[in-house]
Structures are given as C-alpha cells and as structure tokens.
**Q** 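Sharing a structure, written as structure tokens. Questions coming.
Remember, it's a predicted structure, so these values are computed and weren't measured experimentally.
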Amino acid sequence: MNQKKIITDKYEITLIEKGIVETHMLPHCVIDAGDILEMKNYNLQLCENEPYTMLLTSGHLSDTTKEARELSASKDFSQLTLARALLTNSVGQKLVANFYLRVNAPHVKTRLFSDREKAIEWLRSFLK
C-alpha cells in the first residue's frame, strides 16, 4: 500500500495501513486545541471517514496545551476513533502520558507503549 501522508509545521500524519493513522508531533512544537481539531480532520480524510486507530509519537521536547489534552480526551471528540496508542521511550514523555491517562481519562481506549510493533499489534486488535 502506498502510504498517504500530511505534513504541517507541527506534525506529520501518515496512514500506515488501513485503519491505522500515525501522528508524529515534530520536535519543539506545542500542539493546541486548534491543532487537535485539524489533526482530527486529517485523520478522517486519510481514513475516508471510516473508523480508525491512532499511533501517536512525540518529537523531542514537543508538548500539548491543557486545552488540547482535554479536547482529545473528550467523548465528543472521539468520533470514529477506536483506540489510541501513545508511543515513547522518553522518561519525561512517559510521565506526561501517564498524567494524561490518569487526569484526563480519555474516552477512547488509550495505552502507553515503548515498543512500536506491540503498539501497532494492539491497535490492529480493534480493527477486526
């Protein structure tokens, strides 16, 4: 399959296979609520408005605002998103991700991974 990709100044979104979108936040960027809404539109576009899962990776020292975290965790925002895997090996980003999971309690099933293949395998389990 030819990968479809969307590149902005803050992130790259790639359809890595049918039903799995990877969003990579670029180094040193701050993602706000407007960016989250834009990402959602791109995800739906790449997946042709079909249910999908999401692999999220973060570049060095990238961050999201409180409003962006709250929006991404909300039930209203979850439309067509089946699951979200957060992938990082950074201790700092693991702390932030665990904080997000506990405090924001995302409506969509979300798990933290340090192994890319295990994360993708977990996401595939939602596409069957």
**Q** Is it possible for you to say whether M25 and I7 belong to one hydrophobic cluster, with membership spreading through side-chain heavy-atom contacts below 4.5 Å?
**A**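 No, it is not one cluster - the side chains of M25 and I7 are not joined through contacts under 4.5 Å.
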**Q** Would you say that I16 contacts I120 through its side chain, given a criterion of any heavy-atom pair below 4.5 Å between the two side chains?
**A**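 Yes. Closest side-chain heavy atoms under 4.5 Å.
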**Q** Could you tell me the separation between the CG atom of D32 and the CD atom of E67, rounded to the nearest 0.5 Å?
**A**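 So the gap between those two atoms works out to 8.5 Å.
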**Q** To the nearest 0.5 angstrom, please state how far the CG atom of N41 sits from the CD atom of Q45.
**A**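 The distance works out to 8.5 Å.
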**Q** Do you know the tightest heavy-atom contact between S72 and I36?
**A**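 Scanning both residues completely, I find the closest heavy atoms to be CB-CG2, 4.2 Å.
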**Q** Grab the two heavy atoms, one from T81 and one from V108, that are nearest each other, plus how far apart they are.
**A**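 Smallest interatomic distance, heavy atoms only, reads O-CG2, 3.7 Å.
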**Q** With rounding to the nearest 0.5 angstrom, report the CZ to CD distance, R116 to E22.
**A**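 It comes to 4.0 Å.
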**Q** Indicate the atoms forming the closest heavy-atom contact of A68 with A33, along with that distance.
**A**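 What the structure gives for the nearest pair is CB-N, 3.8 Å.
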**Q** With sequence neighbours excluded, what pairs up with E12 under the salt bridge (Lys or Arg N to Asp or Glu O under 4.0 Å) test?
**A**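 Here the qualifying residues are K5.
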**Q** Please check if I13 and L86 belong to a single hydrophobic cluster, counting links between Ile, Leu, Val, Met, Phe, Trp and Tyr side chain heavy atoms closer than 4.5 Å.
**A**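 As far as the 4.5 Å side-chain criterion goes, L86 and I13 are connected within one cluster.
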**Q** Are Y11 and H24 side-chain neighbours, meaning at least one heavy-atom pair lies under 4.5 Å?
**A**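 A side-chain contact under 4.5 Å is absent here.
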**Q** Could you check L44, L15, I20, L123 and say which one makes a side chain to side chain contact (heavy atoms under 4.5 Å, CB included) with Y52?
**A**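 For Y52, the side chain to side chain contact (heavy atoms under 4.5 Å, CB included) test succeeds with only one of L44, L15, I20, L123, which is L44.
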**Q** Is E38 salt-bridged to K10, cutoff N-O under 4.0 Å?
**A**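 Here E38 does not pair with K10 in a salt bridge, since their nearest N and O are not under 4.0 Å apart.
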**Q** Hey, could you give me the SG/CG distance between C29 and D35, rounded to the nearest 0.5 Å?
**A**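 So the gap between those two atoms works out to 7.5 Å.
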**Q** Does the side chain of T57 come within less than 4.5 Å of T88's, by heavy atoms?
**A**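 No - every pair of side-chain heavy atoms lies 4.5 Å or more apart.
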**Q** What's the verdict on side chain to side chain contact (heavy atoms under 4.5 Å, CB included) for T14 and K4, showing C-alpha distance, side-chain angles and the deciding distance?
**A** CA-CA 6 Å; T14 307; K4 296 178 184 177; over 6 Å; no
**Q** So, taking the atom named NZ in K109 and the one named OG1 in T53, what distance separates them when rounded to the nearest 0.5 Å?
**A**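 Output value for this atom pair is 14.5 Å.
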**Q** Could you check whether any side-chain heavy atom of Y42 comes within less than 4.5 Å of a side-chain heavy atom of T23, counting everything from C-beta outward?
**A**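 They are not in side-chain contact.
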**Q** Can you find a heavy atom in the side chain of V30 that is under 4.5 Å from one in the side chain of T64?
**A**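 Side-chain contact under 4.5 Å: no.
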**Q** What is the minimum heavy-atom distance between A119 and L55, and which atoms define it?
**A**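 Distance-wise, the nearest heavy atoms are CB-CD1, 3.9 Å.
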**Q** Just verifying a value: how many Å separate L26 CG and H60 NE2, rounded to the nearest 0.5 Å?
**A**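 Rounded to the nearest 0.5 Å, the CG-NE2 separation comes out at 13.5 Å.
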**Q** Going by heavy atoms in the side chains, are E70 and K66 under 4.5 Å from each other?
**A**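 A side-chain contact exists here, since the closest heavy-atom pair is under 4.5 Å.
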**Q** Anything under 30° is parallel, anything over 60° is perpendicular, the rest tilted; go ahead and classify W122 against F113.
**A**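 Because their plane-to-plane angle lies in the 30° to 60° range, the rings of W122 and F113 count as tilted.
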**Q** Decide, yes or no, whether a salt bridge links E48 with K18 under the criterion of side-chain N to carboxylate O below 4.0 Å.
**A**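 Looking at E48 and K18, the cut-off is not met.
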**Q** M39 pairs by side chain to side chain contact (heavy atoms under 4.5 Å, CB included) with which of I31, V21, L56?
**A**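 When I31, V21, L56 are each tested with M39, the side chain to side chain contact (heavy atoms under 4.5 Å, CB included) holds only for I31.
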**Q** Could you check R69 against D63 for side chain to side chain contact (heavy atoms under 4.5 Å, CB included), going step by step and ending with a plain yes or no?
**A** CA-CA 10 Å; R69 289 190 301 274; D63 197 9; 4.3 Å; yes
**Q** Cation-pi between K40 and F77: NZ/CZ under 6.0 Å from ring centre and within 45° of the ring axis?
**A**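 Yes - K40 lies over the ring of F77, closer than 6.0 Å to its centre and within 45° of its axis.
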